[in-house]
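Take a look at the structure below.
As the structure lists them, so they are numbered: ligands from 1, and atoms in each ligand from 1.
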Amino acid sequence: MRTMLSITLDTIPILIAPHPILKAKAKPVGKADDATIRDLAAKMLASMYLAPGIGLAAPQVGQLLRLITIDLMPDNKPAPITLINPEVVALADDLATREEGCLSLPGQYAEVTRPARCKVRYLDLTGARKEIEADGLLNACLQHEIDHLEGVLFVDHLSALKRNIIMRRLAKEQRQKRDDDKRR
Ligand code: NI
C-alpha cells in the first residue's frame, strides 16, 4: 500500500549537463496533463529538497513541459511554489549579479548578471492565475528556471571561455564520480 509519506518522498533522477534534453525547448502544459503534472510536481519537489536545491525545471528531470518548482525555504521552513506555464511579463532595465549554481551542473558556480527584477505570470496547481514580482534571490531563481524551459543554462550567460572551463570541470568531476562509484 502506498502511503502519503512514500508519495512525498518519491524522487526522479536529475539530468546532468551536457544532455540534449537540457538544450531543448519545453512545451506548454495543457489541460489533459493535470494528473501527470501533480505527480510530476510532487516528484520534482522531493528531488529538489533531497539534492538539495532551491529550484528545478521539468526538463531537468527529462520532461519537456513548462513546469517549475521553487522553494527558497524562508526562515528554514518549506514554502514550495509550483509554476505552470510561467511567462516573464516584465524585466527591470537595471541589472544585478549573483552567484548561481544548478542541479544539472552539480558543484559548479558562477556570477551571472540578469535584469534586477522580474514579473512572472503563471498557473498554480489548482489552475488559478497567479502573478509574482521578485527581486534578489527569487528574481535570479525565477529567471534561471524559466531559462531551463528554453533550453538555456546559467553557463550560457557567461563568456565562451568561462563556460568551457566550467563544462570541462563538470565532465572531469562526473568522470571521477563514476569511477569512484564503480570502485565502491
Ligand atoms: Ni538550473
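- Around the Ni ion (ligand 1), protein N, O or S atoms at less than 2.8 Å number 3.
- Under the 3.5 Å distance criterion, the side-chain polar atoms of N139 are matched with a main-chain donor or acceptor of A116.
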Walk me through it: do S104 and Q60 pass the test side-chain hydrogen bond (donor to acceptor under 3.5 Å, both in side chains)?
CA-CA 7 Å; S104 292; Q60 291 180 273; 3.0 Å; yes
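- More than 12 heavy atoms of other residues, nucleotides or ligands sit less than 6.0 Å from atom NZ of K23.
- Shown here are the salt bridge (charged side-chain N to carboxylate O under 4.0 Å, His left out) partners of D94, two or more places apart in sequence or in another chain: R117.
- Between E131 and R121 there is a salt bridge, since a side-chain N of the basic residue sits under 4.0 Å from a carboxylate O of the acidic one.
- The pair R175-D179 does not count as a salt bridge, with every side-chain nitrogen at least 4.0 angstrom from each carboxylate oxygen.
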